[in-house]
S.K.: 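Quick one: this structure, given as structure tokens, is what I'll be asking you about.
FYI, side chains are in, hydrogens and waters are out, and symmetry mates aren't considered; it's all heavy atoms of this structure.
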Amino acid sequence: KPVLSENSRVKLYPNPTSGNTTLSINLENEENLDIKVIDMLGKEVTPAINRISASGETSLTLNTSGLSTGLYFVKITTSNTIYVTRLLKN
């Protein structure tokens with residue numbers, strides 16, 4: 001699977017955040033999404049989100065209130081692509 005970072009299909013806002021942040025992804029086809037928030041050591045720091053999303057733009061809220069201040073990565077895995085974007089927690 002190709003890994004795409006800072007891709008125009010994925011938006012995360014507000015970023016940096018101090019609470020919730022919205023993840024928006026634009027899909028060409030219906031996809032099963034596996035979404036994980038990972039720290040700098042590669043450890044999952046929030047429960048994984050698994051959902052089926054229709055084609056087009058899909059948005060969901062990520063609760064980051066339990067995270068310490070720092071840099072994280074949001075990893076979105078579809079059937080054929082892995083998207084990775086940075087998340088900065090204030």
S.K.: For the CG atom of N29 and the OG atom of S79, what is their distance to the nearest 0.5 Å?
M.R.: 8.0 Å

S.K.: To the nearest 0.5 Å, how far apart are OG1 in T77 and CG in N32?
M.R.: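 Those atoms lie 10.0 Å apart.
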
S.K.: Do N90 and T17 have side-chain heavy atoms sitting under 4.5 Å apart?
M.R.: no

S.K.: Are the side chains of L60 and T22 in touch, meaning some heavy atoms are under 4.5 Å apart?
M.R.: no

S.K.: Are D34 and I76 close enough that some pair of their side-chain heavy atoms sits under 4.5 Å apart?
M.R.: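 The answer is no; the side chains never approach within 4.5 Å.
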
S.K.: Supply the atom-to-atom distance N26 CG to S53 OG, rounded to the nearest 0.5 angstrom.
M.R.: 11.0 Å

S.K.: Please examine the side chains of I38 and K43, heavy atoms only from C-beta on, and report whether any two atoms are closer than 4.5 Å.
M.R.: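 They are not in contact (no side-chain heavy atoms under 4.5 Å apart), so the answer is no.
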
S.K.: Tell me the closest heavy-atom pair linking V37 and V74, and the distance in Å.
M.R.: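 For V37 versus V74, the nearest heavy atoms are CG2-CG2, 4.3 Å.
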
S.K.: Got L33 and I49 here, is their nearest side-chain heavy-atom distance under 4.5 Å?
M.R.: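 A side-chain contact under 4.5 Å is absent here.
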
S.K.: Would you say I82 and M40 are hydrophobically clustered, going by side-chain heavy atoms of ILVMFWY under 4.5 Å?
M.R.: yes

S.K.: Does a sphere of radius 6.0 Å around NZ in K75 hold more than 12 heavy atoms from other residues, nucleotides or ligands, not counting ones at 6.0 Å or beyond?
M.R.: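 No, the 6.0 Å shell around NZ holds no more than 12 heavy atoms from other groups.
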
S.K.: With a 4.5 Å limit on heavy-atom distance, are the side chains of F73 and T85 in contact?
M.R.: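 F73 does not reach T85 side chain to side chain.
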
S.K.: Minimum heavy-atom separation for K89 to S68, with atom names?
M.R.: CG-O, 3.4 Å

S.K.: So, applying salt bridge (charged side-chain N to carboxylate O under 4.0 Å, His left out) with R9, which one of E31, E28, E57 is it?
M.R.: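 With R9 as partner, E31, E28, E57 yield a single salt bridge (charged side-chain N to carboxylate O under 4.0 Å, His left out), made by E28.
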
S.K.: Using the rule side-chain contact (heavy atoms from CB on, under 4.5 Å), only one of L67, I35, L62 pairs with T46; which is it?
M.R.: L67

S.K.: Does any non-hydrogen side-chain atom of L71 lie less than 4.5 Å from one of L87?
M.R.: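 Result no, sub-4.5 Å side-chain heavy-atom pair not found.
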
S.K.: Just wondering, do Y72 and L88 contact through their side chains at under 4.5 Å, heavy atoms?
M.R.: no

S.K.: Could you measure the distance from the CG atom of N20 to the CG atom of N63? Nearest 0.5 Å is fine.
M.R.: 4.5 Å

